[in-house]
Amino acid sequence: MIEWSESTIRSFRKTLLDWYDAHGRHLPWRRDHDPYHVWVSEIMLQQTQVNTVIPYYEHFMAEFPTVTDLANAPEAKLMKAWEGLGYYSRARNLQKAAKQIVNERGGQWPQTAEGLQELAGIGPYTAGAIASIAFNEPVPAVDGNAFRVFARLLEIDLDIAKPQTRPVFERVIGRIMSPDRPGDFNQAVMDLGASYMSAKNPDSAHSPVKAFNQAYLDGVEMQYPVKSKKPKPVKVAYYGLVIRHDDQFLMQKRPSDGLLANFWTFPLIAEDDVLAMSETPELVTEEERLSLLEKLVQQEFGLTVRVIPMGGKPVKHTFTHRQWLITLLSAEVKPDADLSFFPGKWLSSDELTRMALPKVQEKLLTRVHQIQ
DNA sequence: AAATCGTGGTG
DNA sequence: TCACCAAGATT
């Protein structure tokens with residue numbers, strides 16, 4: 001059993017940092033310690049792989065070189081820069097925090113993890129990362145890597161999916177981390193977690209810290225970290241209406257909260273809502289569904305439509321907690337139809353390509369272009 | 001505390 | 001195809 005005495009800790013720090021100095025990754029956001037650079041990269045990296053982030057980061061910095069540029073940017077331009085990255089509230093919170101810094105703090109950054117957490121979108125992990133990397137504060141940055149690395153090193157069998165577990169790891173890591181090089185220590189842990197101590201293919205036999213890895217020494221490293229399972233996505237069936245007139249589509253704007261907030265999509269009608277129109281949903285035939293759908297669109301949106309199946313399998317799109325199955329229907333609406341009860345408007349495909357679209361919308365658009 | 005919020009990669 | 005992961009935050 002490894003004893004984490006003061007001398008063990010000192011030895012671990014040196015081993016880890018020596019390895020990081022020689023083999024740490026050279027990433028675009030590691031060129032300097034500018035808090036703006038660190039911050040933007042950390043937000044992008046939330047639940048997102050490094051290779052995905054790199055081109056987004058480079059483009060973002062070209063578009064918004066300073067926190068002031070970000071604060072003053074048009075939202076449409078911001079969302080276009082974030083298009084495809086997902087978790088879009090990250091982008092909105094990023095700009096909200098930029099405005100906090102520029103307008104409420106005279107351009108001054110909070111320089112501690114505690115202060116940083118008052119900014120929108122900055123939680124305990126990101127605050128620790130920025131504080132340690134940009135401001136040299138000796139605080140841990142406990143992300144999925146840190147959970148995994150230290151769960152294995154110390155055979156900590158707490159469930160990392162539970163909120164109570166975080167403070168335990170913060171205390172453990174806070175005691176082990178290097179007080180003089182906190183930013184490098186935290187980043188070294190992440191590089192280790194992305195290589196020798198990765199989730200699926202660890203290579204602890206060649207790891208610089210294998211001598212400190214209790215789970216590896218005991219042959220049980222794949223049992224760590226302990227993490228309770230998430231339920232799988234719930235299937236939701238929709239009808240997607242392709243309502244075209246000349247080069248325009250009648251598009252729906254999603255509500256300002258919830259999934260894909262504020263994005264434009266083809267009008268989506270939940271199949272359940274259609275079936276709920278019938279007294280005997282289980283007996284509804286395919287033809288009756290379409291007529292019930294037309295009735296629903298009339299009731300909800302005041303739009304008289306005539307729908308026609310477009311053929312092809314439903315478009316499938318999986319989110320973290322939902323799986324959408326969208327059956328496309330061609331529909332006709334008079335171009336001068338009253339849209340006052342419909343949350344949307346006519347948009348040309350030219351306009352559509354200029355605005356930020358979620359992936360599911362791109363899939364639908366691709367399918368529409370294939371068919372027509 | 002448990003749900004919510006995107007997308008792409010991987011075994 | 002599927003399960004699970006990837007530098008989490010918010011409610």
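Each chain gets a letter, A, B and so on, in the order its sequence line appears, and its residues count up from 1. These numbers come from the heavy atoms of this one structure, side chains and all, not from hydrogens, waters or symmetry mates.
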message: Please compare A/Ala261 and A/Asn201 by the position of their nearest nucleotide in DNA chain B and report the one closer to 5'.
response: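 It is A/Ala261 whose nearest nucleotide is closer to the 5' end.
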- prompt: Where each residue is assigned the nucleotide of DNA chain B containing its nearest heavy atom, which of A/Thr48 and A/Lys200 is assigned the position nearer the 5′ end?
  reply: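 Going by which nucleotide is closer to the 5' end, it is A/Thr48.
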What's [X] touching, base or sugar-phosphate or nothing? Going by heavy atoms closer than 4.0 Å.
X: A/Ala141; result: nothing
X: A/Val53; result: nothing
X: A/Gly84; result: sugar-phosphate
X: A/Ile130; result: nothing
X: A/Gln164; result: sugar-phosphate
X: A/Trp29; result: base

Nearest-nucleotide pick for [X], side chain only, options being [options]:
X: A/Leu259; options: C/dA3, B/dC5, B/dA1; value: B/dC5
X: A/Asp143; options: B/dG6, C/dG8, B/dA2; value: C/dG8
X: A/Arg25; options: C/dG8, C/dT10, C/dA7; value: C/dA7
X: A/Lys359; options: B/dT7, B/dC5, C/dA7; value: B/dT7
X: A/Ala199; options: C/dC5, C/dG8, C/dT10; value: C/dC5
X: A/Lys230; options: C/dT10, B/dT4, B/dG6; value: B/dT4

Most 5' of A/Asn145 and A/Pro233 on DNA chain C, judged by nearest nucleotide: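 The answer here is A/Pro233.
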message: On DNA chain C, compare the nucleotides closest to A/Gln46 and A/Thr320; which residue's is nearer the 5' end?
response: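 Counting from the 5' end, the first nearest nucleotide belongs to A/Thr320.
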Between [N] atom [atom2] and [X] atom [atom1], what is the distance in whole Å?
X: A/Met44; N: C/dG8; atom1: CE; atom2: P; value: 15 Å
X: A/Gln117; N: C/dT11; atom1: CD; atom2: P; value: 14 Å
X: A/Asp257; N: C/dT10; atom1: CG; atom2: C1'; value: 13 Å
X: A/Lys232; N: C/dC2; atom1: NZ; atom2: C1'; value: 8 Å
X: A/His321; N: B/dA3; atom1: NE2; atom2: P; value: 11 Å
X: A/Glu362; N: B/dG6; atom1: CD; atom2: P; value: 15 Å
X: A/Arg90; N: B/dC5; atom1: CZ; atom2: P; value: 15 Å
X: A/Lys162; N: B/dA3; atom1: NZ; atom2: P; value: 10 Å

Distance between the [atom1] atoms of [N] and [M], in whole angstroms?
N: B/dT4; M: C/dA6; atom1: P; value: 23 Å
N: B/dA3; M: C/dA7; atom1: P; value: 24 Å
N: C/dT11; M: B/dG6; atom1: P; value: 14 Å

Salt bridge flag under 4.0 Å for residues A/Lys80 and A/Glu83: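 Judged by the 4.0 Å cut-off on N to carboxylate O distance, A/Lys80 and A/Glu83 do form a salt bridge.
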query: Is A/Arg31 salt-bridged to A/Glu58, cutoff N-O under 4.0 Å?
result: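 Judged by the 4.0 Å cut-off on N to carboxylate O distance, A/Arg31 and A/Glu58 do form a salt bridge.
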[X] versus [Y], closest heavy-atom pair with distance:
X: A/Glu42; Y: A/Ile133; result: OE2-CD1, 4.0 Å
X: A/Arg148; Y: A/Pro225; result: CG-CD, 3.6 Å
X: A/Leu154; Y: A/Trp4; result: CD2-NE1, 2.8 Å
X: A/Arg175; Y: A/Ile9; result: NH1-CD1, 3.4 Å

A/Gln47 side chain near C/dG8 phosphate (N/O to OP1/OP2, under 4.0 Å):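 Checking C/dG8 against A/Gln47, a side-chain N or O does come within under 4.0 Å of OP1 or OP2.
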- request: Verify the contact: side-chain N or O of A/Tyr87 to OP1 or OP2 of C/dA6, cut-off strictly under 4.0 Å; return yes or no.
  value: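 So the side chain of A/Tyr87 is outside the cut-off, no N or O lying under 4.0 Å from OP1 or OP2 of C/dA6.
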query: Is a donor-acceptor pair below 3.5 Å formed from side chain A/Thr126 to base C/dG8, judging by atom type as modelled?
result: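 For A/Thr126, whose side chain was compared with the base of C/dG8, there is no donor-acceptor pair (under 3.5 Å).
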Base C/dA6 to side chain A/Arg148, donor-acceptor N/O within 3.5 Å cut-off: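 No such pair is found, so the answer is no.
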query: Taking the six-membered ring where the residue is Trp, are the ring centres of A/His321 and A/Phe319 under 6.0 Å apart?
result: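 They do not qualify: ring centres at least 6.0 Å apart.
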